[in-house]
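Worksheet: the structure to be examined is printed underneath.
Counting begins at 1 with the first residue of the sequence. One-based numbering, in listed order, for ligands and for the atoms of each.
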Amino acid sequence: MKKLLFATVLTLAAAAPALAQHAGHGSAKPAASAAGELADGEVRRVDKARGAVLLKHGEIKSVNMGAMTMSFKLKDPAMAEQLKEGDKVKFAVEQKGDDLVITSIRKAP
Ligand SMILES: [Cu+2]
């Protein structure tokens with residue numbers, strides 16, 4: 001009888017860390033919304049005069065768009081100054097009327 005009790009205590013002790021880990025997992029924060037996600041792109045042309053940029057981009061979930069090459073207006077034309085052809089970028093897009101406007105863009109690491 002004594003031997004059996006000892007075995008039970010050992011089993012519980014071994015299980016305790018796993019239980020604690022599981023509880024911590026449940027409190028994890030939900031993933032960021034699609035609207036806050038940055039899309040991947042590559043600069044094909046920079047039009048400083050128009051404040052626009054031609055990008056070859058991946059899927060953009062926030063505006064429901066698949067991968068393609070297209071022109072975007074820049075929210076601030078000065079954003080064009082930091083970009084050049086061939087740059088790999090991460091960017092966020094917003095629908096403004098008929099236009100898709102890049103609200104933020106930075107070089108991908
Ligand atoms: Cu597109």
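Shortest non-hydrogen contact noted between Lys73 and Asp99 is NZ-OD2, 3.2 Å. Contact detail for Val46 and Leu83: the closest heavy-atom pair is CG2-O, 3.7 Å. Summarising the geometry of Ala108 relative to Lys90, their closest heavy-atom pair is CB-CG, 4.1 Å, with the distance given to 0.1 Å. Smallest separation of non-hydrogen atoms from Met79 and Lys75: SD-N, 4.0 Å.
Taking 2.8 Å as the limit, the number of protein N, O or S atoms around the Cu ion (ligand 1) is 4.
In this structure a side-chain-to-backbone donor-acceptor pair under 3.5 Å is present from Gln95 to Gly97.
The residue from Val101, Ile102, Leu54 that alone fulfils the side-chain contact (heavy atoms from CB on, under 4.5 Å) condition with Phe72 is Ile102.
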